[in-house]
S.K.: 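The structure's right below; bear with me while I get my questions together.
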Amino acid sequence: MPELPEVEVVRRGLTDFTTGRTIDAVEVLHPRPVRRHLAGPDDFVARLKGQVFATPARRGKYLWLPLESGDAVLTHLGMSGQFRVQPVGAPDEKHLRVRFRFADDGGEVRFVDQRMFGGLSYSEGGAELPGEIAHIARDPFDPLFDEDLFVAAVRRRKTGLKRALLDQSLVSGVGNIYADEALWRAKLHYARATDTMKPLQIREILRHAREVMAAALEVGGTSFDALYVNVNGESGYFERGLATYGQENSPCPRCGRPIRREAFMNRSSYRCPKCQPVPRHARW
DNA sequence: CTACCTGCCTGTCGGC
DNA sequence: TGCCGACAGGCAGGTA
C-alpha cells in the first residue's frame, strides 16, 4: 500500500527511466486508470506522442511526470498501482493497464494496477504543480511545509488525531500504516481530540510521522501485502520495522502487551492498549 | 466553512 | 467443493 515513502521510492526509480526520454507511443489497455482524463483514452495517447519527460516530482502520495512542454502526466498509485520498467517484448503483467514506449532503444515503462483505484491523467500546464492537486497540502518533507500553520489548523479542528493525520488538506503523504506507527511512537490514541492538544504535542506527532516515514524510505518502503514493489519489482523491507500495523496480538515492542486491532473510520487501526490508552478528551 | 459518510475496484481468505 | 461476505483503503464527491 503506497504511502509517501513508497511513492518516493517509485519517483526515484522512475527518474532514471523517464527523464529526457522521448515518448514514441502510449498504449491504454484498460480505460479505467485514465478515467480522470475526461477527454478519453485516445486523447490521452495523442497528446503524449512525441513528448519528452523531465524529472518526476511528488507531493504527498501524488506523483507526476513533468513534460518539457510544461504539461505533465499526473498519477496516483491508489492501493495497488505500480510503475514497472521492463524490456520491450517482456510478457505483459496480468494487470497491465498503460504502456509507455520510447523512441530510443531502452525499455518500456508500464503502469500495472490490480484494483484500479489509481490512475493517470494529462495535466495541462502541470509541470510545476498540477492544478488538479492544488488542494493537497504540502507533505512533511517539503521544505516549504509550514509547521505553525499545521499546528494551528489541527487545533482548530474538532476531530480525532488520526482523522487529522489522514486529512490531505492538513498534511499529505500519511496513510493508514504510517498514521498508526506515528501514533504508537508518540504514545497517543487515534481518537485524541485535536482541539485540546498542546502545540508541542502536535509538533511531536508530526516529528514521529516524519521519522517513521524517513526510516521506511531508507529501506525501500513497506510491502505489506506484495501490492507494493519498486520499478524493478522488488519489495521494501520496512514491514519488519512496523510496531503496530498488521501486528494484532503481537507484543508491543515497548511494553509487551498484545497489540489490538480496532475498527475505526471503516478500516483497521492498530494500537497498544497500555502505551496508547483511550484519552480523557476523545473524538471518534 | 467543517465533519463525516459512501462508492469506487479486485483478489484473497475464512466460514459454512 | 463452492459460495458468500468481509476485508484491504485513498480520495472524490456528496450530505448535513
Side-chain angles (χ1 to χ4, degrees), chain A residues 1-8 10 28-38 58-64 74-83 93-98 111-121 123 130-137 139 149-150 152-183 190-196 209 213 221-229 235 239 242 244-249 260-270 281-284:
Chain A
M1 279 148 274
E3 301 181 21
L4 187 156
E6 292 75 30
V7 178
E8 177 60 15
V10 172
V28 176
L29 293 97
H30 197 298
R32 203 166 310 279
V34 296
R35 65 193 175 280
R36 293 189 63 193
H37 185 75
L38 301 178
R58 183 189 55 73
R59 173 178 285 195
K61 289 173 267 198
Y62 277 94
L63 173 67
W64 67 97
L74 176 62
T75 82
H76 196 291
L77 300 178
M79 284 205 51
S80 55
Q82 305 174 351
F83 275 101
E93 291 78 2
K94 185 175 178 193
H95 302 293
L96 176 62
R97 309 304 187 190
V98 179
F111 183 71
V112 177
D113 192 1
Q114 177 199 104
R115 294 177 194 166
M116 294 190 287
F117 273 40
L120 294 75
S121 61
S123 176
E132 295 87 339
I133 59 166
H135 64 290
I136 301 294
D139 63 60
L149 202 68
F150 174 75
V154 168
R155 296 186 77 213
R156 264 199 312 272
R157 288 293 177 95
K158 296 186 183 310
T159 191
L161 182 54
K162 185 170 175 180
R163 286 184 193 276
L165 289 174
L166 296 178
D167 187 332
Q168 303 295 295
S169 69
L170 294 174
V171 56
S172 66
V174 183
N176 203 35
I177 295 175
Y178 298 112
D180 278 2
E181 294 298 314
L183 287 165
Y190 53 78
R192 181 70 173 80
T194 55
D195 54 341
T196 59
M213 290 197 291
T222 303
S223 296
F224 193 72
D225 57 7
L227 287 179
Y228 161 73
V229 292
S235 295
E239 196 184 329
L242 297 176
T244 61
Y245 184 84
Q247 310 300 311
E248 185 177 18
N249 295 328
R260 227 179 250 177
R261 179 168 77 99
E262 290 160 338
F264 176 66
M265 291 178 75
N266 295 322
R267 65 196 60 188
S268 289
S269 283
Y270 298 87
H281 301 289
R283 288 184 187 276
W284 306 85

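Here is the naming used below: chain letters follow the sequence lines, and residue numbers restart at 1 for every chain.
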S.K.: Assuming nearest nucleotide by heavy-atom distance, tell me which of A:Arg156 and A:Asn266 is located more 5' along DNA chain B.
M.R.: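 With A:Arg156 and A:Asn266 compared, the 5'-side residue is A:Arg156.
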
S.K.: Can you see which heavy atom on A:Ser269 is nearest to which on A:Asp180, and at what distance?
M.R.: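 Closest pair (atom of A:Ser269, atom of A:Asp180, distance): CA-OD2, 3.5 Å.
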
S.K.: May I ask you to test the A:Val34-A:Arg97 pair for a side-chain heavy-atom distance under 4.5 Å?
M.R.: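 No - every pair of side-chain heavy atoms lies 4.5 Å or more apart.
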
S.K.: Round to the nearest Å and state the distance from A:Arg58 atom CZ to C:dG10 atom C1'.
M.R.: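 Nearest whole value for this atom pair: 16 Å.
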
S.K.: Counting only side-chain N and O atoms of A:Ser80, is one of them less than 4.0 Å from OP1 or OP2 of B:dG11?
M.R.: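 Looking at the OP1 and OP2 atoms of B:dG11, neither is under 4.0 Å from any side-chain N or O of A:Ser80.
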
S.K.: Using OP1 and OP2 only, check whether a side-chain N or O of A:Lys61 sits under 4.0 Å from C:dC11.
M.R.: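 Answer yes for this pair, as a side-chain N or O of A:Lys61 is under 4.0 Å from OP1 or OP2.
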
S.K.: To the closest 0.5 Å, what do you measure between CZ (A:Arg283) and CG (A:Asp195)?
M.R.: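 Spacing of CZ (A:Arg283) from CG (A:Asp195) equals 4.5 Å.
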
S.K.: Taking only side-chain nitrogens and oxygens of A:Gln168, does any of them come within less than 4.0 Å of OP1 or OP2 of C:dC11?
M.R.: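 Yes, A:Gln168 has a side-chain N/O under 4.0 Å of OP1/OP2 on C:dC11.
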
S.K.: Which one, C:dA12, B:dG11, B:dC9, comes nearest to the side chain of A:His135?
M.R.: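 Selected nucleotide: C:dA12.
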
S.K.: So do the side chains of A:Glu239 and A:Leu242 get within less than 4.5 Å of each other, counting heavy atoms only?
M.R.: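 With C-beta onward as the side chain, the pair touches.
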
S.K.: Would you indicate which nucleotide in B:dC5, C:dA12, C:dA8 comes nearest to any side-chain atom of A:Arg36?
M.R.: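 Side chain of A:Arg36 sits closest to C:dA12.
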
S.K.: Is A:Arg283 touching bases, backbone alone, or none of the nucleic acid, heavy atoms closer than 4.0 Å?
M.R.: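 The answer is nothing, as A:Arg283 stays clear of every strand by at least 4.0 Å.
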
S.K.: Measuring to OP1 and OP2 of C:dA12, would you say a side-chain N or O of A:Tyr62 lies under 4.0 angstrom away?
M.R.: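 For C:dA12, OP1/OP2 do have a side-chain N/O of A:Tyr62 under 4.0 Å.
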
S.K.: OP1 or OP2 of C:dA8 less than 4.0 angstrom from a side-chain nitrogen or oxygen of A:Ser268, does that happen here?
M.R.: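 For C:dA8, OP1 or OP2 has a side-chain N or O of A:Ser268 closer than 4.0 Å.
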
S.K.: A:Met79 near the nucleic acid: base, sugar-phosphate alone, or nothing, with a heavy-atom cut-off under 4.0 Å?
M.R.: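 Base: the residue A:Met79, judged by heavy atoms under 4.0 Å, touches a nucleobase.
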
S.K.: Hey, does the side chain of A:His95 come within less than 4.0 Å of B:dG11's phosphate (OP1/OP2), counting only N and O?
M.R.: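 Answer yes for this pair, as a side-chain N or O of A:His95 is under 4.0 Å from OP1 or OP2.
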
S.K.: A:Arg97 has an atom CZ; how far is it from atom P of B:dC8, in whole Å?
M.R.: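 Taking atom P of B:dC8 as the reference, CZ of A:Arg97 is at 17 Å.
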
S.K.: Taking the side chain as C-beta and beyond, is there a heavy-atom pair between A:His95 and A:Val112 under 4.5 Å?
M.R.: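 With C-beta onward as the side chain, the pair touches.
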
S.K.: Within this structure, what is the CG-to-C1' distance between A:Asp167 and B:dC4, rounded to whole angstrom?
M.R.: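 About 11 Å, once rounded to whole Å.
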
S.K.: Give the rounded distance in Å between these two atoms: CZ of A:Phe264 and P of C:dC7.
M.R.: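 Answer to the nearest Å: 16 Å.
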
S.K.: Taking the side chain as everything from C-beta on, heavy atoms only, tell me whether A:Phe83 gets closer than 4.5 Å to A:Thr75.
M.R.: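 Side-chain contact under 4.5 Å: yes.
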
S.K.: Look at A:Arg35 and C:dA12 and indicate whether a side-chain polar atom (N or O) is within less than 4.0 Å of OP1 or OP2.
M.R.: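 No, outside the criterion.
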
S.K.: How close or far is atom C1' of B:dA3 from atom CZ of A:Arg163, stated in whole angstroms?
M.R.: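 Rounded to the whole Å, the gap is 8 Å.
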
S.K.: How many Å lie between CD1 on A:Ile136 and C1' on C:dA12, as a whole number?
M.R.: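 These atoms are roughly 10 Å apart.
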
S.K.: Mind calculating the distance between CZ (A:Phe117) and C1' (C:dA12) to the nearest angstrom?
M.R.: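 So the CZ-C1' distance, A:Phe117 to C:dA12, works out to 12 Å.
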
S.K.: Measure the shortest side-chain to side-chain distance between A:His37 and A:Val28 over non-hydrogen atoms and say whether it is less than 4.5 angstrom.
M.R.: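 Side-chain contact under 4.5 Å: no.
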
S.K.: C:dC11, B:dC9, B:dC4: which one has an atom nearest the side-chain heavy atoms of A:Arg115?
M.R.: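 Side chain of A:Arg115 sits closest to B:dC9.
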
S.K.: Just wondering, do A:Tyr228 and A:Leu77 contact through their side chains at under 4.5 Å, heavy atoms?
M.R.: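 They are not in side-chain contact.
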
S.K.: Quick one: stems involving DNA chain C, counted as three or more successive Watson-Crick or G-U pairs, both distances short of 3.5 Å.
M.R.: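 DNA chain C stems, ordered by first number: B:2-16 with C:2-16.
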
S.K.: What is the distance from NE2 of A:His76 to P of C:dG10, rounded to the nearest Å?
M.R.: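 Atom NE2 in A:His76 sits about 9 Å away from atom P in C:dG10.
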
